[in-house]
Number of protein chains: 2
Amino acid sequence: MPSDSRRLSVLTKELAQYLPHLSVDCVVFGFHNSDLKLLLLKWKNASVWQLPVGYIRNRESVDAAAQRVLRSRTGLRSVHLSQFHAFGGLKRKESDFRRCFESQHVETPPDAWPTHRVVSIGYYALVDFLEVRPRPDGISDAASWFPINGRPRLAFDHDEIVQWALDMLRSSLDSPKAAATLLPERFTMPELHRLHEAVLDCRLDRRNFQKRMLERDLVERLPERRIGGAHRAPYLYRFKTHRLDAGFQRRRA
Amino acid sequence: MPSDSRRLSVLTKELAQYLPHLSVDCVVFGFHNSDLKLLLLKWKNASVWQLPVGYIRNRESVDAAAQRVLRSRTGLRSVHLSQFHAFGGLKRKESDFRRCFESQHVETPPDAWPTHRVVSIGYYALVDFLEVRPRPDGISDAASWFPINGRPRLAFDHDEIVQWALDMLRSSLDSPKAAATLLPERFTMPELHRLHEAVLDCRLDRRNFQKRMLERDLVERLPERRIGGAHRAPYLYRFKTHRLDAGFQRRRA
DNA sequence: CCAAAAGTGTTGCAATTACACCCATGC
DNA sequence: GCATGGGTGTAATTGCAACACTTTTGG
């Protein structure tokens with residue numbers, strides 16, 4: 001077993017792989033049926049829950065770092081992640097790095113940059129939480145899903161980050177390009193409807209909703225229906241890819 | 001006069017004041033009458049124009065860094081800057097740091113981080129370009145305003161950054177909170193109208209525009225009018241501050 | 001055959017658009 | 001007095017919200 005000083009140099013060497021003073025914070029929303037949830041971790045020796053965070057490798061794009069961090073926390077691959085804000089406040093920290101390692105009897109070098117000021121780049125994703133079995137990794141005690149409206153208070157400024165991500169998720173719903181990335185390729189209209197209701201946290205008229213989606217030419221109906229469920233089988237839809245290039249379209253006088 | 005090695009150590013020491021591998025990029029839009037322009041710099045010994053960029057001090061928030069960079073390029077104080085995106089591509093550089101300093105016979109240390117990979121946090125601002133006399137600073141040959149639709153090709157990925165900023169500026173117009181920061185406190189309706197036309201690059205019906213602004217209760221008319229111009233004197237308006245807290249308001253079914 | 005979910009159509013209101021006239025000022 | 005720009009009103013249209021019935025399926 002290595003000595004403290006040996007471990008210390010390992011930690012220093014480990015940190016040298018990453019861009020200093022930078023992190024990615026992932027706000028992972030989970031959706032199924034009508035429930036919207038949030039993926040949280042509890043670090044070893046910590047008393048509060050926090051977002052999954054990670055650092056950026058020297059030869060890795062920020063987007064790729066977000067993908068890698070999400071994968072290492074959830075096992076999910078090729079999920080669409082959207083960057084939404086960089087948090088650059090002077091006093092902010094996004095992890096209790098020192099306490100985590102010293103609780104494992106690893107002394108943290110005083111100049112280790114995660115113990116100082118960190119700029120975090122926030123990403124959000126929406127996944128089906130039934131398909132993700134969160135498992136705690138090396139530095140976490142626990143990882144689990146919380147209802148978005150029943151989540152605990154989070155560590156550091158993570159409550160603010162979640163609120164920001166939620167606002168962006170909501171506003172992404174009326175941009176077809178973004179909305180298309182939030183569901184699997186094929187989905188039913190009731191599923192899309194429940195997604196909108198859960199994200200916006202309000203009721204939407206089922207019939208008007210379907211009409212709007214079709215009139216705006218955002219989705220197209222496939223010949224198949226979803227079989228297996230009880231009751232009448234709903235049609236399957238997919239987003240019209242050629243319409244997604246339109247991008248921003250704003251109201252004008 | 002200091003030797004090369006002396007200068008080198010000065011440069012190294014200078015860089016140590018900043019968070020490594022990070023920069024802020026400012027997209028400064030200028031507006032007056034009906035013209036929308038863009039502030040660009042040309043670095044010494046460079047052939048192409050680029051955005052004003054700068055680094056983040058160790059004990060300075062990212063927002064404060066953006067303010068400082070903008071001030072040092074334009075002399076402007078207390079301008080509202082909005083963060084819009086972090087650019088974290090693997091191969092991106094936001095300045096030709098080495099060439100700039102070596103052209104001044106300052107040798108750049110091989111490990112100087114600006115010569116490697118940089119993550120840029122983008123900010124945009126809108127100012128009255130008649131009130132800003134751009135003056136080149138120490139590292140720039142020239143600084144000037146270009147029409148937004150007649151701008152030259154820019155260095156590095158700055159064209160992409162400008163396009164992104166322009167999209168955000170456009171979409172900020174229908175968020176009252178953001179729109180309020182883009183004009184001086186008191187303005188006339190025709191001024192607000194021309195601003196929207198210039199930013200959106202399309203014609204807006206003068207009468208419908210005014211009606212919407214008033215019906216939505218975004219602005220309030222002041223008793224005074226703008227005097228001095230030719231023709232009928234227009235009223236002055238200001239944004240209703242108490243309405244600005246509303247924030248995001250989206251259409252729902 | 002009945003409960004529960006999915007599909008479709010109509011109607012009224014509200015918001016946006018298109019459009020025309022009057023007022024003020026400088027030359 | 002006339003050209004130019006600024007202020008206001010009205011009709012037509014469009015998009016959205018409210019609402020009820022029919023169809024399918026499993027039990």
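Keep in mind that this is a model prediction, so the values were computed, not measured. Throughout, protein chains are lettered first and strands after them, A, B, ... in sequence-line order, and every chain is numbered starting at 1.
With rounding to whole Å, E215(A) atom CD is found 11 Å from dT14(D) atom C1'. Between the CZ atom of R226(A) and the C1' atom of dT25(D) there is a distance of 16 Å, rounded to whole Å. Atom P of nucleotide dT8(C) and atom CE of M213(A) are separated by 16 Å, given to the nearest angstrom. Regarding L218(B), its CG atom lies at a distance of 14 Å from the P atom of dA15(C), rounded to whole Å. Atoms CZ (R212(A)) and C1' (dA18(D)) sit 14 Å apart, rounded to a whole Å. We find that CZ of R203(A) is positioned 16 Å from C1' of dC19(D), with the value rounded to whole Å. Rounded to whole angstrom, the span from the CG atom of L204(B) across to the P atom of dT17(C) amounts to 9 Å. In this structure, the NE2 atom of H193(A) is 12 Å from the P atom of dG7(C), given to the nearest Å.
Under the rule for a side chain to side chain contact (heavy atoms under 4.5 Å, CB included), the partners of D141(B) that lie at least two apart in sequence or sit in another chain are K44(B). Every side chain to side chain contact (heavy atoms under 4.5 Å, CB included) that E215(B) has, sequence neighbours left out, goes to K211(B). Annotation: salt bridge (Lys or Arg N to Asp or Glu O under 4.0 Å) contacts of R207(B) (sequence neighbours excluded): D205(B). Remark: T181(B) engages H80(B) in a side chain to side chain contact (heavy atoms under 4.5 Å, CB included) (not counting sequence neighbours).
Y235(A) carries R225(A) over the face of its six-membered ring, with the cationic atom under 6.0 Å from the centre and within 45° of the normal.
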Compile the donor-acceptor pairs under 3.5 Å between side chains in residues 191-200 of chain B and protein atoms, sequence neighbours left out, one pair per line.
from, atom 1, to, atom 2, distance (Å)
E191(B), OE1, T188(B), N, 3.0
E191(B), OE1, R226(B), NH1, 3.3
E191(B), OE2, R226(B), NH1, 2.3
H193(B), NE2, E197(B), OE2, 3.3
H193(B), NE2, L204(B), O, 2.8
E197(B), OE2, L204(B), N, 2.8

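Contact annotation: R216(B) reaches the phosphate of dT16(C) (side-chain N/O to OP1 or OP2, under 4.0 Å).
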Study note, to complete from the structure: B/S/- along nucleotides 2-10 of chain D (protein heavy atoms under 4.0 Å) is --BBBBBBB
